[in-house]
Amino acid sequence: MRWICCAIIVTGVLVSACGHFTTEPAAKLAVIDWNKARAAHGQYVALQQAETAVKFAVQFREEQLVLGKQQLSLVQKMRTLKEQGQASFVQAEVATKLAEREIVEREQFAGKQRQAEATAAQQVQAARAQVLSKYQLNIVNLRLRLENVTLEKTEKAALLQTLAATLAAQKKELDAVERQRQALVVQLLAPQRQQLAQNLHAYEQALGAQLLSGNKGRGGTPLTKGPEELANLLQAMDKQIEIKEQARDQVREQIDQDITAALAACTQGKGYSLVLKNVRKNLQATDVTTAVCAQISKLKN
């Protein structure tokens with residue numbers, strides 16, 4: 001069993017040069033960019049693929065739930081229409097066929113919508129990353145300073161107020177990026193929405209002409225789909241999501257175990273009192289990321 005690092009790995013901390021610290025002698029610190037270490041691992045591509053698989057499985061499940069509910073609602077409307085005798089048999093049959101056609105059209109539209117969502121997200125990815133990067137240092141500095149047990153109440157209140165204002169400013173800019181993404185989705189889907197409406201209108205006109213000509217088509221599709229079928233479908237999809245999540249977690253845990261072992265090998269016997277995770281600036285510490293990445297390569301080979 002690999003030796004477990006005795007150093008405490010803490011989640012990402014940045015500290016401002018003007019931060020509040022005690023006057024005790026400075027500890028010997030080491031830092032590691034955990035994300036960079038993950039990226040150096042031989043299984044990192046597999047981890048990214050597993051995360052993408054989980055994301056799209058969850059998204060597809062939600063889309064199928066929406067479509068299923070729409071279908072049940074439409075079918076129930078048709079069933080109620082027939083039961084109450086509010087329309088003739090032919091009219092109900094035409095309405096049923098139109099509802100079925102709309103389901104097909106919307107399922108096709110859902111695929112185009114997923115493509116538009118992915119395209120829009122990619123286009124605003126850089127803007128979103130820029131906003132996060134813009135505020136990251138200040139936010140983490142403020143949170144670290146709030147951990148100082150020697151803070152006066154007035155100092156802590158001022159820091160909390162500054163942190164809240166900073167988070168609000170970040171959220172405002174992220175909301176603007178999200179509105180931009182949504183606008184892009186609407187723009188990308190505008191031709192498809194128009195085509196959907198045209199297809200349904202043309203189909204409705206064709207059915208109306210069929211009714212007027214006396215071709216009433218008594219076949220019809222039985223209204224057999226219901227909540228039980230939808231529940232079974234969602235249950236199967238949930239099982240697939242669970243399997244994908246387990247696969248992702250297994251890869252991620254193996255990568256993190258290897259990083260921990262490599263970190264232990266690189267820091268053992270060097271007198272570090274703390275090893276800090278994902279520290280970037282304003283802290284006097286030894287960056288062991290490169291050494292850990294090299295050690296990971298040795299472990300995987």
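Basis for what follows: all heavy atoms, side chains included, without hydrogens, waters or symmetry-related copies.
- Counting heavy atoms from C-beta on, the side chains of Lys55 and Thr52 never come closer than 4.5 Å.
- Rounding to the nearest 0.5 Å gives a distance of 11.0 Å between CH2 of Trp34 and CD1 of Ile255.
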Check step by step if salt bridge (charged side-chain N to carboxylate O under 4.0 Å, His left out) holds for Asp175 and Arg179.
CA-CA 6 Å; Asp175 288 344; Arg179 288 193 297 271; 5.2 Å; no
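- In Gln198, the CD atom is crowded: over 12 heavy atoms of neighbouring residues, nucleotides or ligands sit closer than 6.0 Å.
- Hydrophobic clustering (ILVMFWY, side-chain heavy atoms < 4.5 Å, transitive): Tyr135 and Leu146 are in one cluster.
- If you take CD on Gln194 and CG on Asn199, they are separated by 10.5 Å, rounding to the nearest 0.5 Å.
- At least one side-chain heavy atom of Leu189 sits less than 4.5 Å from a side-chain heavy atom of Arg193.
- Grouping the Ile, Leu, Val, Met, Phe, Trp and Tyr side chains by contacts below 4.5 angstrom, directly or via other members, places Leu233 apart from Ile241.
- For the pair Glu173 and Lys134, the minimum side-chain heavy-atom distance is below 4.5 Å.
- Atom CZ of Arg145 sits about 11.0 Å away from atom CG of Leu163, to the nearest 0.5 Å.
- A salt bridge does not link Asp256 to Arg252: none of the charged side-chain nitrogens sits closer than 4.0 Å to a carboxylate oxygen.
- Checked by atom type and distance alone, the side chain of Lys239 never pairs as donor or acceptor with a backbone atom of Gln235 at under 3.5 Å.
- Across Val54 and Arg248, no two heavy atoms sit closer than the pair CG1-NH1, 3.9 Å.
- The minimum heavy-atom distance linking Ala53 with Lys244 is given by the pair O-CD, 3.7 Å.
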Checking Leu151 against Asn148 for the side-chain contact (heavy atoms from CB on, under 4.5 Å) test, could you report, in this order, the C-alpha distance in whole Å, the side-chain angles of both residues, the deciding distance, and whether it holds?
CA-CA 6 Å; Leu151 280 177; Asn148 186 2; 4.0 Å; yes
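- Cluster annotation: Ile139 and Val131 are assigned to the same hydrophobic cluster (Ile/Leu/Val/Met/Phe/Trp/Tyr, side-chain heavy-atom contacts under 4.5 Å, transitive).
- Residues passing the salt bridge (Lys or Arg N to Asp or Glu O under 4.0 Å) test with Arg143, sequence neighbours excluded: none.
- Between Leu65 and Arg61, the closest side-chain pair of non-hydrogen atoms falls below 4.5 Å.
- For the 3.5 Å distance criterion, the side chains of Gln182 and Glu178 qualify, holding a donor opposite an acceptor.
- A donor-acceptor pair is defined here as one N or O able to donate and one able to accept, closer than 3.5 Å; such a pair exists between the side chain of Thr289 and the backbone of Asp33.
- Among residues two or more places apart in sequence or in another chain, the salt bridge (Lys or Arg N to Asp or Glu O under 4.0 Å) test is passed with Lys69 by none.
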Under 3.5 Å, which donor-acceptor pairs link side chains of residues 114-126 to any protein atom two or more places apart or in another chain?
{"unit_1": "Arg114", "atom_1": "NH1", "unit_2": "Glu63", "atom_2": "OE1", "d": "2.4"}
{"unit_1": "Glu117", "atom_1": "OE1", "unit_2": "Arg181", "atom_2": "NH1", "d": "2.4"}
{"unit_1": "Thr119", "atom_1": "OG1", "unit_2": "Gln115", "atom_2": "O", "d": "2.9"}

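- When the side chains of ILVMFWY residues are joined at heavy-atom separations under 4.5 Å, either directly or via intervening members, Leu142 and Leu167 end up in a single hydrophobic cluster.
- To the nearest 0.5 Å, atom CG of residue Leu174 and atom CD of residue Gln170 are 5.0 Å apart.
- Using modelled atom types, no side-chain atom of Gln246 and backbone atom of Ile243 make a donor-acceptor pair closer than 3.5 Å.
- Ile32 places none of its side-chain heavy atoms less than 4.5 Å from the side chain of Asp287.
- With a 6.0 Å radius and a threshold of 12 heavy atoms from other residues, nucleotides or ligands, Gln130 has its CD atom at or below the threshold.
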Show your reasoning for whether side-chain contact (heavy atoms from CB on, under 4.5 Å) applies to Gln70 and Ile103.
CA-CA 8 Å; Gln70 290 176 346; Ile103 291 170; over 6 Å; no
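- Atoms CD and NE2, on Gln257 and His41 in that order, are 9.5 Å from each other to the nearest 0.5 Å.
- Taking every heavy atom of both residues into account, Phe60 and Met237 meet most closely at CD2-CE, 3.2 Å.
- Rounded to the nearest 0.5 Å, atoms CG (Asp249) and CD (Gln254) are 13.0 Å apart.
- For the pair Val288/Thr290, no side-chain contact is recorded, criterion being any heavy-atom separation below 4.5 Å from C-beta on.
- Contact record, Val251 with Gln43: CG1-O, 3.8 Å, taken as the closest heavy-atom pair.
- Two residues are said to be in side-chain contact when any heavy atoms from C-beta on lie closer than 4.5 Å; Val275 and Val31 fail this criterion.
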